[in-house]
2 protein chains.
Amino acid sequence: MTKKAALLKAAENKVRLGGYSNFSFRELANEIGIKSASVHYHFPTKADLGAELAHQYTDNFIAMLGEPQAHKANGKNPLDIYTQLFKNALVIDKKMCLCGLLGAESDSLPDKVRDEVKRFFIKNLAWLTQAHKINGEPDPERAAIQTVSLLEGAMMISNTLDDIHYFEQATF
Amino acid sequence: MTKKAALLKAAENKVRLGGYSNFSFRELANEIGIKSASVHYHFPTKADLGAELAHQYTDNFIAMLGEPQAHKANGKNPLDIYTQLFKNALVIDKKMCLCGLLGAESDSLPDKVRDEVKRFFIKNLAWLTQAHKINGEPDPERAAIQTVSLLEGAMMISNTLDDIHYFEQATF
DNA sequence: AATCACCTACCTACTGATAGGTAATTTATA
DNA sequence: TATAAATTACCTATCAGTAGGTAGGTGATT
């Protein structure tokens with residue numbers, strides 16, 4: 001893994017635990033074994049790092065989702081795939097959704113970071129709208145916002161109360 | 001308003017925009033016209049201030065909700081009251097729910113602050129469980145966690161995308 | 001006399017960021 | 001092919017600013 005990738009990985013872990021201000025160039029540098037000044041070589045400013053992190057997180061998340069049509073063709077409900085991806089983030093990583101956390105504090109984020117967080121939700125809503133349409137929902141746009149809201153909220157509360165049961169109860 | 005109350009008010013505004021790390025003793029002091037060292041007279045540490053803020057926010061929120069039974073007796077659905085309180089926070093204050101934001105970053109919070117955030121959700125779930133029970137829901141506990149998850153999530157996404165329409169679409 | 005509600009002055013630790021330097025590698029030119 | 005130029009990926013050293021927190025002092029109120 002390149003140093004740049006290692007920096008993004010370390011930053012993701014920190015942000016998913018405590019938000020944008022929960023990581024510093026020094027901490028990141030120490031963790032991967034370089035100096036804090038060298039982090040600026042890869043990312044001119046902290047906002048650049050945050051924006052690239054959110055962008056990459058979004059792309060990866062959408063890629064993991066696959067195509068709703070493909071799931072349906074395989075006899076699976078695309079919404080189950082979506083729910084499972086959220087649950088994995090919570091159970092395996094034991095952390096919040098990166099953009100769920102950044103979204104909550106989006107008012108205080110640098111513009112370019114906030115823009116990437118918006119992009120995450122726009123892309124998620126598009127995917128979910130498609131999924132609900134395939135499922136024959138009469139109002140797929142509404143169902144989409146309800147699905148992502150429920151999952152993000154359940155994730156946050158389950159994480160806060162430190163009990164996966166809340167997430168499971170909310171989503172099944 | 002006492003200086004202490006003014007400090008809590010100023011802190012609430014900051015936290016609801018950017019989380020626990022979005023306020024400092026210096027900023028708070030400047031805003032209300034005292035020195036940062038004097039803030040320590042009212043709150044020994046930042047964690048003490050954060051915990052008292054979350055505690056007071058919770059008490060106020062629950063008090064605003066009133067009793068589910070009383071609403072039902074007045075011919076109103078307690079869940080509409082609950083939804084309206086969330087919507088007001090978003091539309092009037094144009095800010096996130098304090099504990100929604102703190103919950104998202106709860107992993108990095110001081111213990112006493114996190115405990116108060118937990119208390120917020122425990123109290124909310126109790127109120128909602130009661131409300132759903134009154135409404136004749138077959139599984140009031142599940143309905144309660146679903147309600148608060150949906151509202152917290154919709155609030156976060158509406159705030160992020162800066163469009164109240166998402167909240168309305170998710171909740172009506 | 002004690003308590004309250006502040007104050008000045010200060011501390012250590014950490015923040016993101018910059019300037020300027022270096023060895024190793026890669027690319028362009030003669 | 002040999003040499004020169006440029007680029008990469010770091011480094012040391014340092015900066016101004018901000019963080020939370022502390023010691024000790026002051027005038028007003030109780």
Side-chain angles (χ1 to χ4, degrees), chain A residues 1-56 101-102 105-116, chain B residues 1-56 101-102 105-116:
Chain A
M1 182 160 44
T2 66
K3 300 274 186 185
K4 181 167 181 174
L7 285 170
L8 286 170
K9 185 103 189 160
E12 181 184 324
N13 286 331
K14 305 242 180 223
V15 174
R16 288 180 62 187
L17 288 176
Y20 183 71
S21 62
N22 200 231
F23 78 92
S24 74
F25 276 31
R26 268 169 186 73
E27 280 179 317
L28 262 39
N30 284 343
E31 261 178 53
I32 70 155
I34 61 172
K35 298 295 167 179
S36 81
S38 306
V39 180
H40 288 277
Y41 169 75
H42 299 285
F43 307 98
T45 69
K46 184 173 180 176
D48 290 316
L49 197 162
E52 196 162 327
L53 176 61
H55 189 93
Q56 175 202 269
L101 219 166
L102 291 178
E105 57 185 7
S106 83
D107 288 310
S108 69
L109 256 29
D111 286 353
K112 59 168 63 177
V113 182
R114 183 175 41 242
D115 287 347
E116 291 297 338
Chain B
M1 182 159 43
T2 65
K3 300 275 186 184
K4 181 167 180 174
L7 284 170
L8 287 170
K9 184 102 189 160
E12 180 183 324
N13 286 331
K14 305 241 180 224
V15 174
R16 288 179 62 187
L17 288 177
Y20 183 71
S21 63
N22 200 231
F23 78 92
S24 73
F25 276 30
R26 271 173 184 72
E27 280 178 318
L28 261 40
N30 283 344
E31 260 178 52
I32 71 155
I34 61 173
K35 298 295 168 180
S36 81
S38 306
V39 180
H40 289 278
Y41 169 75
H42 298 285
F43 307 98
T45 69
K46 184 173 179 174
D48 290 315
L49 197 162
E52 196 162 326
L53 176 61
H55 190 93
Q56 176 203 270
L101 219 166
L102 291 178
E105 56 185 8
S106 83
D107 288 311
S108 69
L109 255 29
D111 286 354
K112 59 169 62 177
V113 181
R114 183 174 40 242
D115 287 347
E116 292 297 337

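Letters go in sequence order (proteins before strands), and every chain restarts at 1. Nothing here was measured: the structure is a model prediction, and the numbers come from that model.
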Could you check how far NZ of B:Lys46 sits from C1' of C:dC14, rounded to whole Å? 13 Å
Looking for any heavy atom pair under 4.0 Å, which part of the strands does A:Ser24 touch: base, sugar-phosphate only, or nothing? sugar-phosphate
Taking CG from B:Leu28 and C1' from D:dT18, how many angstroms apart are they, rounded to a whole number? 15 Å
Just how far, in rounded Å, is C1' of C:dC7 from NZ of B:Lys3? 12 Å
For the side chain of B:Glu105 and the backbone of B:Tyr20, is there at least one donor-acceptor N/O pair under 3.5 Å apart? yes
Which is true for B:Phe25 with a 4.0 Å heavy-atom rule: it touches a base, it touches only sugar-phosphate, or it touches nothing? sugar-phosphate
Contact summary for B:Ala11 and B:Leu49, nearest pair of heavy atoms: CB-CD2, 3.7 Å
Checking contacts here: which listed nucleotide (D:dC11, D:dT14, C:dA5) is nearest the side-chain heavy atoms of A:Ala37? D:dC11
Side-chain donor/acceptor of A:Arg114 to backbone N/O of A:Ser106, under 3.5 Å: yes
Expressed in angstrom and rounded to an integer, what is the separation of A:His42 atom NE2 from D:dT7 atom P? 18 Å
A:Glu27 CD - C:dT15 P separation (whole Å): 6 Å
Residue-phosphate contact under 4.0 Å: A:Ser38 side-chain N/O, D:dC11 OP1/OP2: yes
Please work out if B:Phe43 contacts a base, only the sugar-phosphate, or nothing of the nucleic acid, heavy-atom cut-off 4.0 Å. nothing
To the nearest 0.5 angstrom, please state how far the CZ atom of B:Phe23 sits from the CG atom of B:Leu7. 10.0 Å
When the distance from OH of A:Tyr41 to P of D:dA9 is rounded to whole Å, what number comes out? 4 Å
Gap between atoms CZ and P, on A:Phe23 and C:dC14 respectively (whole Å): 17 Å
Which listed nucleotide (D:dA9, D:dC11, D:dG20) is nearest to the side chain of A:Lys35? D:dC11
Would B:Lys4 count as a cation-pi partner of B:Phe43, with NZ or CZ less than 6.0 Å from the six-membered ring centre and within 45° of the ring normal? yes
Take B:Tyr20 and A:Ile34, find for each the nucleotide of DNA chain D with the closest heavy atom, and name the residue whose nucleotide sits nearer the 5' end. A:Ile34
Quick note, B:Arg26 side chain, CB onward, closest among C:dC11, C:dA17, C:dC6 is C:dC11
Measure from NE2 on B:His40 to P on C:dC4 and round the result to the nearest Å. 19 Å
